[in-house]
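All remarks here apply to the structure that follows.
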Amino acid sequence: MSKYWSRFVQDLVPYVPGEQPRLQDQIKLNTNENPYGPSPRVLAAIRQAASDDLRLYPEPGADTLKAAIGTYYGVPVDQIFVGNGSDEVLAHVFNGLLRHAAPVLFPDITYSFHPVYCQLYGIDFRAVPLRDEFGIGWEDGPGGKGGLWLAKPNAPTGCLFSLAAIERLLERNREAVVVIDEAYIDFGGASAIPLVARHPQLLVVQTLSKSRALAGLRIGFAIGDRDLIAGLERVKDSFNSYPLGRLAILGGAAAFADEAYFQRTCAD
Ligand SMILES: *Cc1c(COP(=O)(O)O)cnc(C)c1O
């Protein structure tokens, strides 16, 4: 505590990141880093980007990275939002798309950053108990007006939720944004990204930290309807115009260009 802190900061209870031990001879699993390194093409792109150009600001819209993601998933760039890790993307999502009078819903057993974002932005929330087999059951329940957040597959339960279940959930929740966090989807399961074309309230969030072994570069992204992305861009440009540096933009773009390496390391 410090007398110089605002009252708001004195009351904050921050998220505690997974421990990063300094011991060299342990295999560390707690923060789910990839045991393989990033693609050699990513390292080459970063080396090339480490030049005199670093005196220049990066692209504010990270257009090169958005173009690579857009090509990979077959979506236009104005349906893609990128941020400094999906944690930053999620922070802007909570602030810009889930900050309503009605509470936001998320499963009681899941990624634990959400209550922290809700506290930071003054958002009311309900942690909904998971059903048998760690299923969600929301697809049959009433829709929330404050939006909802779900990880597919859920972490740490691993429950994958079928696309049919996600579509039923979307049909019952048209009044507010439905966020699907797909941090682990590349390790198995169908992404909900193709559903974005039919559901303007759906936002799918992914990260390059896990399957693309780039936790140290900090890149996350979201794909959704143009209106959702435009809202996120407004929040971002009210906070930090350049959340991704030149190394991250070019390194991240290179990660999507090395499909062979990606498939090999995900399958192992
Ligand atoms: C690791 C993880 C994140 C954070 O990813 P970053 O892009 O590294 O910020 C978000 N959501 C879930 C479910 C995760 O497991």
Side-chain angles (χ1 to χ4, degrees), residues 15 17-18 20 31-73 75-96 111 113 117 179 181-187 191 193 203-224 228-230 232-262 265-266:
Y15 179 75
Q20 296 286 0
T31 51
N32 296 333
E33 287 141 325
N34 197 313
Y36 299 99
S39 151
R41 286 216 215 170
V42 171
L43 300 180
I46 291 173
R47 280 195 198 98
Q48 206 182 351
S51 73
D52 276 353
D53 283 351
L54 284 176
R55 74 201 153 80
L56 304 171
Y57 282 101
E59 298 166 325
D63 300 335
T64 306
L65 175 59
K66 282 185 188 167
I69 297 170
T71 304
Y72 191 83
Y73 287 107
V75 290
V77 289
D78 60 357
Q79 289 190 247
I80 303 169
F81 180 77
V82 298
N84 195 277
S86 59
D87 284 339
E88 185 187 75
V89 174
L90 288 170
H92 291 335
V93 167
F94 272 79
N95 193 10
Y111 188 46
F113 216 135
Y117 294 131
V179 181
D181 184 338
E182 295 191 335
Y184 302 102
I185 196 73
D186 294 328
F187 298 117
S191 169
I193 289 174
L203 189 78
V204 180
V205 178
Q206 290 197 6
T207 175
L208 277 69
S209 296
K210 314 279 165 62
S211 59
R212 294 183 190 273
L214 287 172
L217 210 51
R218 311 302 302 129
I219 307 171
F221 62 95
I223 293 181
L228 300 187
I229 301 304
L232 292 173
E233 297 287 356
R234 287 171 74 117
V235 178
K236 170 232 167 211
D237 286 326
S238 308
F239 178 80
N240 178 2
S241 305
Y242 306 103
L244 291 185
R246 286 175 170 270
L247 306 188
I249 291 172
L250 294 173
F256 288 96
D258 196 351
E259 183 65 8
Y261 184 87
F262 172 68
T265 52
C266 282

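- Annotation: side chain to side chain contact (heavy atoms under 4.5 Å, CB included) contacts of E59 (sequence neighbours excluded): D63, T64, I249.
- Taking both residues in full, the closest heavy atoms of S39 and D258 are given as OG-OD2, 2.6 Å, listed atom of the first, atom of the second, then distance.
- The nearest pair of heavy atoms linking G37 to Y261 is O-OH, 2.6 Å.
- Of all heavy-atom pairs spanning P243 and E88, the tightest one is CB-OE1, 3.3 Å.
- Using cut-offs of 30° and 60° on the angle between ring planes, the pair F262 and Y72 is perpendicular.
- The side chain to side chain contact (heavy atoms under 4.5 Å, CB included) with L232 is formed by just one residue from the set L203, D237, I80; it is L203.
- Residue pairs meeting the ring-ring contact (aromatic ring centres under 6.0 Å, His included) criterion with at least one member in residues 37-56: none, sequence neighbours excluded.
- Listed for the R41 side chain is a donor-acceptor partner under 3.5 Å among the backbone atoms of A257.
- Contact check for F256 versus I69: side-chain heavy atoms found under the 4.5 Å cut-off.
- Without hydrogens or angle criteria, D186 side chain to S211 main chain gives no donor-acceptor distance under 3.5 Å.
- Distance check, rounded to the nearest 0.5 Å: CG of L214 to CG of L208 gives 5.5 Å.
- For D78, the side chain to side chain contact (heavy atoms under 4.5 Å, CB included) partners at least two apart in sequence or on another chain are P76, R226.
- By the 4.5 Å heavy-atom criterion applied to side chains, L65 and L244 are counted as neighbours.
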### Task
Please report the C-alpha distance between Y242 and N84 in whole Å, then the side-chain angles of each, then the deciding distance to 0.1 Å, and finally whether the side chain to side chain donor-acceptor pair (under 3.5 Å) criterion is met.
CA-CA 9 Å; Y242 306 103; N84 195 277; over 6 Å; no
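- Judged by distance alone, the side chain of K236 and the main-chain N or O of G83 form no donor-acceptor pair under 3.5 Å.
- A distance of 10.0 Å separates OG of S86 from CZ of F113, quoted to the nearest 0.5 Å.
- A salt bridge links K66 and E233; the closest N-O separation between the charged side-chain nitrogens and carboxylate oxygens is under 4.0 Å.
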